[in-house]
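Below, each value reflects all heavy atoms present in this structure, side chains not excepted, and no hydrogens, waters or symmetry copies. Only a predicted model underlies this, so the values are computations on that prediction, with no experimental measurement involved.
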Amino acid sequence: MSEKLKVGILGGTGMVGQRFISLLENHPWFEVTTIAASPRSAGNRYEQAVEGRWKMTTPIPESVKDLVVMNVNEVEKVASEVDFVFSAVDMTKDEIKKIEEEYARTETPVVSNNSAHRWTPDVPMVVPEINPEHMDVIVSQRKRLGTQRGFVAVKPNCSIQSYAPVLTAWKEFEPYEVVATTYQAISGAGKTFQDWPEMEGNIIPYIGGEEEKSEKEPLRIWGTIQDGVIVPATSPVITCQCIRVPVLNGHTAAVFVKFKKQATKEQLIEKLVGFKGIPQELELPSAPKQFIQYLEQDNRPQVSLDVDFENGMGICVGRLREDTVYDWKFVGLSHNTVRGAAGGAVLCAELLKAQGYITKK
């Protein structure tokens with residue numbers, strides 16, 4: 001009998017669902033035992049359900065090929081099979097909110113990749129190295145939901161991973177004004193070049209809703225718990241542009257920062273490479289040993305060379321230099337479907353298990 005926690009993937013046939021399944025193959029703590037998706041996929045073996053649309057570079061894990069896909073809307077039935085679920089469902093925001101809370105009310109913890117609950121005041125939105133203490137708000141959420149065990153926790157938007165950790169590492173120098181432009185991979189839209197050939201050799205200067213998320217979500221991560229809800233920070237002020245570029249995986253950010261306290265380049269780099277959090281201290285299975293690396297070469301970080309740093313769970317920074325208008329500028333890079341999506345959610349689940357929020361039913 002396996003001692004691993006039994007995991008369900010809600011929305012397991014989509015790109016992020018596939019990434020969850022790939023990342024969880026041979027996971028030391030978690031085992032995918034249930035996959036749920038839309039009614040049109042339900043009843044098929046998983047291998048059949050994703051035939052012709054498996055988007056990972058690695059093959060479908062043998063352990064899930066023969067799992068019969070369940071109907072994600074049959075909440076009680078799916079929940080009865082698992083200890084907790086990852087959510088990557090493709091629905092409207094209101095539908096996602098409703099179904100994730102329905103799963104939570106069956107006493108099944110939900111760790112979500114979706115944006116629907118990121119601004120629900122008592123739902124923690126966590127980058128485990130930055131704000132693990134926000135999981136404490138789960139106690140208040142459970143009171144609202146009327147649950148003993150069930151809750152919803154989310155990870156933030158993929159685009160902020162390439163600069164929010166950097167600004168966190170520099171917190172003592174008090175960054176107060178930030179301009180960021182993100183150059184975002186097509187997998188962030190759930191696409192490959194096969195699906196989206198018009199992106200080849202093209203740039204689209206608009207990604208719906210992305211700029212608002214990129215400006216506001218870091219402030220929630222840096223917020224505090226007050227009276228059972230998360231109150232966002234008010235500084236630094238961030239303004240963003242988000243651009244879709246012809247890259248498969250990897251979001252790059254060009255960032256300008258003003259600080260209240262002066263810092264040297266050496267001090268800033270030292271803070272980056274020394275920055276770590278609870279995942280590193282606890283040696284969680286998916287945690288990068290080196291969370292942020294600094295690359296000295298003028299032409300780094302590059303997607304083709306650096307996106308898979310620490311199996312896609314690390315952040316790469318380069319081109320740190322003084323600016324004539326702002327104080328400093330740099331370029332950051334993160335893997336949008338690993339650290340920025342499924343991998344970030346898996347690390348959240350590992351943290352929740354370590355903190356005692358996720359246990360066997």
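- Contact record, Lys361 with Thr106: NZ-O, 4.3 Å, taken as the closest heavy-atom pair.
- Heavy atoms from other residues, nucleotides or ligands lying under 6.0 Å from NZ of Lys213 number more than 12.
- Counted by atom type alone, Arg339 and Ser334 present zero donor-acceptor pairs between their side chains at under 3.5 Å.
- Between Asn114 and Ser87 the shortest heavy-atom distance is ND2-OG, 3.0 Å.
- Shortest non-hydrogen contact noted between Ile186 and Thr192 is CD1-C, 3.5 Å.
- Under 3.5 Å, the side chains of Ser214 and Ser159 contain a donor-acceptor pair of N or O atoms.
- Neither side chain, Thr34 nor Glu81, offers a donor N or O lying under 3.5 Å from an acceptor on the other.
- Between Trp170 and Phe275, a ring centre-to-centre spacing not shorter than 6.0 Å is recorded.
- Note on ring orientation: taking the six-membered ring where Trp is involved, the planes of His27 and Phe30 are parallel (angle under 30°, cut-offs 30° and 60°).
- Around atom CD of Glu174, more than 12 heavy atoms belonging to other residues, nucleotides or ligands sit under 6.0 Å away.
- In this structure, a donor-acceptor pair under 3.5 Å is present between the side chains of Gln226 and Thr224.
- Side-chain atoms of Gln184 and Glu210 form a donor-acceptor pair, as typed in the model, at a separation below 3.5 Å.
- When only modelled atom types and interatomic distance are considered, Ser112 and Lys155 share no side-chain donor-acceptor pair under 3.5 Å.
- For the pair Lys276 and Phe291, the cation does not sit on the ring face, since its NZ or CZ is not both under 6.0 Å from the ring centre and inside 45° of the axis.
- Nearest heavy atom pair, residue Asp323 against residue Lys329, reads OD1-NZ, 3.0 Å.
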Asp306/Arg300 under salt bridge (Lys or Arg N to Asp or Glu O under 4.0 Å): CA gap, chis, key distance, verdict: CA-CA 8 Å; Asp306 303 311; Arg300 305 279 288 276; 2.6 Å; yes
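- Residues Val7 and Ile9 share a closest heavy-atom pair of CG1-CD1, 4.1 Å.
- The only option from Lys98, Lys97, Met91, Lys93 that meets the side chain to side chain contact (heavy atoms under 4.5 Å, CB included) definition with Glu95 turns out to be Met91.
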